[in-house]
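Worksheet: the structure to be examined is printed underneath.
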Amino acid sequence: MFIKNTWYVAAWDNELTPQGLFARTIIGVPVLMYRKDDGEIVAMEDRCCHRGAPLSVGRREGDCVRCMYHGLKFDASGQCIEAPAQKRIPIQARVRTFPVVQRHRWVWIWMGAPDKADPALIPDTPWLDDPHWRSLDGYIHYDVNYLLICDNLLDFSHLPFVHPTTLGGSADYAAAQPKVERIDNGVRITRWALDTEPPPFAQAVKDWGSRVDRWNIYNFTIPAILLMDSGMAPTGQGAAEGNRDGAIEFRGCQAITPETENSTHYFFAHPHNFAIDQPEVTHSIHQAVVDAFDEDRDIITAQQKSLALAPDFKMMAFGIDAALNQFRWMVSRRLEEEALEEAAVRPAATAAAEPVKA
Amino acid sequence: MFIKNTWYVAAWDNELTPQGLFARTIIGVPVLMYRKDDGEIVAMEDRCCHRGAPLSVGRREGDCVRCMYHGLKFDASGQCIEAPAQKRIPIQARVRTFPVVQRHRWVWIWMGAPDKADPALIPDTPWLDDPHWRSLDGYIHYDVNYLLICDNLLDFSHLPFVHPTTLGGSADYAAAQPKVERIDNGVRITRWALDTEPPPFAQAVKDWGSRVDRWNIYNFTIPAILLMDSGMAPTGQGAAEGNRDGAIEFRGCQAITPETENSTHYFFAHPHNFAIDQPEVTHSIHQAVVDAFDEDRDIITAQQKSLALAPDFKMMAFGIDAALNQFRWMVSRRLEEEALEEAAVRPAATAAAEPVKA
Amino acid sequence: MFIKNTWYVAAWDNELTPQGLFARTIIGVPVLMYRKDDGEIVAMEDRCCHRGAPLSVGRREGDCVRCMYHGLKFDASGQCIEAPAQKRIPIQARVRTFPVVQRHRWVWIWMGAPDKADPALIPDTPWLDDPHWRSLDGYIHYDVNYLLICDNLLDFSHLPFVHPTTLGGSADYAAAQPKVERIDNGVRITRWALDTEPPPFAQAVKDWGSRVDRWNIYNFTIPAILLMDSGMAPTGQGAAEGNRDGAIEFRGCQAITPETENSTHYFFAHPHNFAIDQPEVTHSIHQAVVDAFDEDRDIITAQQKSLALAPDFKMMAFGIDAALNQFRWMVSRRLEEEALEEAAVRPAATAAAEPVKA
C-alpha cells in the first residue's frame, strides 16, 4: 500500500543518458525511463501490453521503444504503433505512461491519476544545482519497507547511538527535546542543541576551538521528502536568535522512494555553502553522510529482520516518537482517502479488448 | 495444475546408466528412474513410503532399490519386500510406479492413470536415431512455468527480434502470416517466408549465393511436444510447391516437460539430413540452436519476472497469438476434463493402514 | 508450534563470554544472553520494546544493555531504566526475560511461564564435567524441523544404513528389536545386539580380537533430550547380565532445540570413561560422532526437502517406529495441554500503554 497521488523522486537526472533505457521499480511498478532526442524524459510502464516482457531490454528507435520479444513498437505516449503481421493496431494497445518532471537534478514521477499531477506540488530543492552550494549525488538501496526509514529520519535522538563517530556527538544532543509542528502535508522539526561538542564530521572540516550551538530544522513531507536547514555556530553568539556568523550551514535534501513493500530507494545530497571551491571538503562531508547512512541501514535492516520474526509485535511509543507517530498517522489518512477515491471511480474502468490471462 | 494423462519426456535414454539411480522431478512429482539388469527402465516415486526419504540417494540391489535411511527395500514394481526387524511386510507398503517407454532416444513417462497409458499415443520421433539424420542431444532448464515456453514456440514472429544473429533473419520473416490449423491434440502451424535472406545459422553451413524460400511446418501437441519439418531452398524453384532440390532440411524435435509450477525441463534436437558425415556441421547447427534457446530463456525469464510483479496483468491478444491462444484453450479444457474425472473416482481412494502425519 | 513449559538447552556455557552479547533464536524467539559481572547469566528477548531493534547489536553497560538505535537502556530484569529526552520511564517499558540455569556445561532456558520454571526438572548430565569422563563440545545446525531429528534418534535401526563406516555396523544390529518403555516425560529404549561386529568407531579406539555385545540404553524426553548409556563388551562374558569388564562405555548427551519451525540447534557430547588421559582417543570418538551426525543431517535434510514437495504425504508406520510414534504422541498431547492453558489465561493479558503497530 503506497500513496499514489504524490511526486516521488525516480532518479538523479544524470542516471538517464541520451540514448539509454533506464529501468527502476517505483511503488511496486516497473518503470522504463528514457530521454527523447530533445532531452525530454519519458516514463512508461516497463511491461509490454502484449505478453508482459520488459521494454527496458528492448531497443530505442528514435523517440520510440521496440519490445524485443515480438517486435511491438511503442511511441513516447505509450501507444503501440507497430506489430508484426498486423496492419491495424487497436487503440487499446498501449502501455501506461507517467507524468515526469526534471527539476534541480532530480527526476520526479507521479504514479497516480495523471490529471492530478501538478508540478507546483514538487518540493523545492534549489541547493542541488545552485552555484553557491556544493554537494555530491547520493543513492543507497534498502531491503526494508520505507516507513522504517521515515521513522529513523523523524527522530534524530538516534544520532549519538547509531552515529557516534560520524554525525553523532554527545548524549546531550539526544537529550534535547525537539519542537514538532504540523505543517501542510507533513511535520516540521526544530532541534537546537546549545553548547554541545561539534560532531566528528564537522570537526573534520573546521577547527572550532570552542563548543557549538547546533541546529537541525527540517520539513518531512509526504511521500517521504526531508528538506533540512542544519548547521552549527560557536556557542555564545546567539545562533538560535539568528546570528549565523562563523557558522557552517547545510541544506540536506533526502528523498525516500518505495521500490516494493520490502525495498526502498534513498536519494540524498548534503549541500554546504562554505569552502565550495575545496572539493576535498565536499567529498569529506559527503563521505561522512554516506558512512552514517550505512550505519542507519545496518540497524534498520536488523530491526526489519527482528520485526519480520514477530508479526504481532507492538511498538511502544516514547516521547521521542511524537513526530514519527504524527507522520505515520498522516500517511494512513492519505492511504484511506485514496482507497475511497479509487473505490468511487472503479466502475468507470474498462478492460482492454480481448484480454488473455497469463 | 498439469495434465496427467499424457506422455511426457522424462530423459534422454543415455541419462539412465546401467547401474545408476537417476532423479528428476516431473509435474511436481519427484521420480526415480533406473534400468533393471535387462535394461528395462523402472520409474517410481522418489520418496520412501515409510518416512519420505528420497530413494534416489539409496542403493541398487539387483533390480531392487534400498532406502538408505532405515533400510526398506523395494522391488521394481514398487512393493516393499524388506524392512528391518519386521517379518511381515504389509501389502500397502509400496511406492507408486509410472508407466515408462523408451523410444527413439527419449524416455517417455505417464504420470496419470496407468491403465490409460497407451504407448501408441507417443509422438513419433524417428529422426533422433535414424542413420540418415544427425543431431546432438539438447537439454536446458528454465525457471519459468512451461506455458510461457509454449507461447514462445507457438509464435515464430519473435525470431528476428530475439534471435537476430542465430535463427532470426529479416523482418519480412516476422511479417509473413502463418497458417494455423487445429489438429488432433494440438495445432499445426505452416509458415512460408518466400524470397527471404537465409538466416545466420543456415549461412554458416552452406554458401547460398541467392535468397531462399524458408519453411517452418510443425505440430505442437499436448502436453508440449513440437515436431517440425523446416528448411530452406533457393528462391524461385518452387519449394512451396514441393521441389526441395538443393534444400537443407531439418526435423526439429522438442519436448517441454514441467518440473514444477515455476520450472521446466526442455529436451531438444535439430536433426539434419545433409552433410551427415561432417560432425562440424552437426555441431554448428546444434550450437546455433543452443545459443538461440539461451536467447529465448533470457527474454522468457525476464517476462516471467515481470509477470510475477503484476499478478493481475492481462495479456492483450494480437493477430500473431492465434496459435498460442488455441493451444492454451486446449490445455485448459484438458485440465477441466481431468479434474472432473478425478472428482468422479475420488471416493474409491483408500488410505494406507496406520498412516502417520509428519 | 513448540512446547513452552520445558527446559531447552540454549548454549554451551563457554559460548557466553564475560563481556559478550550472545544472540540465539529459541523456538522462534530471538534471545539475547549475557553474563553479569558476577557471572550470572541473563536471557532476555532480543528485541527492544520501543521499535523492535535487536539488543544484541547494542552495548553492555555494567549489568545492563543499551539499545544502540535510540539509546534505551535495560537492566538485567528487562526493565527500561533510561530513554532519551524522557525522565519518567513507564513501568510497561520492559523486555521479557527468561529463567536460565547453567548446569554441567549446558545453559538451560525456560521459554514458558516463569513461575513454572523448576530447576529440579532439568535432566542431569554430570558426565559433561565429571573428571572421570571426557568429551568434546559438539554443535551442529539443521535446516529442518526438530521432530525429524527426534524421529531419527528414536529409531537406531538406521545406523547400519546411514552410518556404515562410522557408528553403524552390520545388518544384525538393525534386525535386533529394541525394548521401548514409556517413562515419565518420554520413552526409554533398550537395544542389545549380542555377538555382533564392533562398529568402525569402536575399532578405532580398541583392538577387540573378538565380537562384542553392544548396548544402547537411552531416555528420550521432552522437549528432545537424549541421555544414553551405551557401550560394548567382549561377547560371552555376560554384559547383558551386568558384567562390564573390559567394556568401553559412553554416556551420550544430546539436546535438540528448535530454532524456528524449519531449523534446529543440536548440542551433543559423547563422554567416555576409558583412556581419559589420551586426548587423541577423545578426539577420535568425537570426530566419529560428528561425521555420523553429518551423515544424519544429509539424509534428514533430503527427507525434509522431499516432504516439503508433498505436503499431503502420509508417513506409513512400521514396527521400528514404535518409539517415535509414542514420542510424537506425547509431544502432541503436551502442545494441546499448553494450548488449553493459554486459552484459559488469555483474558488476563493486557496490552502495553499506547502501543503502535509497525
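Order of the sequence lines sets the chain letters (A, B, ...), proteins ahead of strands, with each chain counted from 1.
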Taking side chain to side chain contact (heavy atoms under 4.5 Å, CB included) as the test, write out the residues that go with A:Lys73, two or more places apart. A:Glu61, A:Cys64, A:Arg66, A:Ile81, A:Glu82
Report the residues that fulfil side chain to side chain contact (heavy atoms under 4.5 Å, CB included) with A:Arg96, sequence neighbours left out, ordered by chain and then residue number. A:Glu45, A:Phe98
Chain B: which of A:Arg59, A:Gln86, A:Arg47 shares the most heavy-atom pairs with it under 4.5 Å? A:Arg47
Could you label the plane-to-plane angle of the B:Phe268 and B:Phe293 rings as parallel, tilted or perpendicular, counting under 30° as parallel and over 60° as perpendicular? perpendicular
Flag, side chain of A:Asp63 to backbone of A:Lys36, donor-acceptor distance under 3.5 Å: no
Side chain / backbone / both / neither for B:Ile300 at chain A, heavy atoms under 4.5 Å: side chain
Look at A:Ala83, A:Ala93, A:Gly28 and state which one has the largest set of heavy-atom pairs under 4.5 Å with chain B. A:Ala93
Partner chain B: residue of A:Cys80, A:Cys49, A:Gly58 with the largest heavy-atom pair count (under 4.5 Å): A:Cys49
What orientation do B:Phe318 and A:His50 show, parallel under 30°, tilted 30 to 60°, or perpendicular over 60°? perpendicular
Need one label for B:Asn145: side chain, backbone, both or neither, based on atoms under 4.5 Å from any heavy atom in chain A. neither
